[in-house]
Amino acid sequence: MNDLLITDARLIDPEEPDERRGWLAVADGRIVAHGAGAAEGQTAKRLIHADGKCLAPGIVDLGVKVGEPGERHKESFGT
């Protein structure tokens, strides 16, 4: 049994040219299965129905500035 099952999500994979509606299963903190359409035969302790919301891998914006506005020399993640 999976720990988490997310259904009816717009699955976005940066490696693919288009997105698709589907599901994603997580166990022990890792993606263990995914597929298009309904999650037939999949069970989980927790179920999230995404209602067509986007589901994508962590997307990092490398252009983000973490410092105080106008104070680049004071940049830190604490601020």
Side-chain angles (χ1 to χ4, degrees):
M1 177 180 282
N2 300 308
D3 296 322
L4 173 65
L5 180 62
I6 303 172
T7 62
D8 193 30
R10 287 173 46 205
L11 302 175
I12 299 172
D13 180 351
E15 300 284 322
E16 297 295 324
D18 54 354
E19 63 187 58
R20 59 190 167 134
R21 276 262 169 104
W23 56 273
L24 182 129
V26 177
D28 297 321
R30 294 179 176 257
I31 297 171
V32 294
H34 62 87
E40 309 250 345
Q42 295 292 323
T43 59
K45 297 173 189 170
R46 182 172 175 218
L47 174 66
I48 296 175
H49 186 76
D51 292 320
K53 293 182 177 81
C54 296
L55 183 60
I59 298 171
V60 178
D61 183 352
L62 297 176
V64 170
K65 306 295 185 258
V66 295
E68 298 294 327
E71 303 285 334
R72 289 191 141 189
H73 64 283
K74 295 183 181 177
E75 286 187 12
S76 74
F77 285 101
T79 59

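One is the number of the first residue; the rest follow in order along the sequence. Every value quoted in this text rests on a predicted model; they were computed, and no experiment measured them. The basis for the numbers below is simple: all heavy atoms, side chains too, and nothing from hydrogens, waters or symmetry mates.
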For the CG atom on Asp51, are there more than 12 heavy atoms of other groups (residues, nucleotides or ligands in this structure) within a distance under 6.0 Å? yes

Can you tell me how far the [atom1] atom of [X] sits from the [atom2] atom of [Y], to the nearest 0.5 Å?
X	Y	atom1	atom2	answer
Asp3	Asp28	CG	CG	5.5 Å
Arg21	Leu11	CZ	CG	10.0 Å
Gln42	Thr7	CD	OG1	11.0 Å

Would Leu4 and Ile31 show up in the same hydrophobic cluster when neighbours are defined by side-chain heavy atoms closer than 4.5 Å? yes

Out of Leu55, Ile6, Asp8, which one pairs with Ile48 under the side chain to side chain contact (heavy atoms under 4.5 Å, CB included) rule? Ile6

Any donor-acceptor pair under 3.5 Å from Asn2 side chain to Ala27 backbone: no

Looking at [X] and [Y], what are the two nearest heavy atoms and their distance?
X	Y	value
Gly52	Arg10	O-CD, 3.0 Å
Arg20	Gly35	NH1-C, 4.1 Å
Trp23	Gly37	CD1-O, 3.4 Å

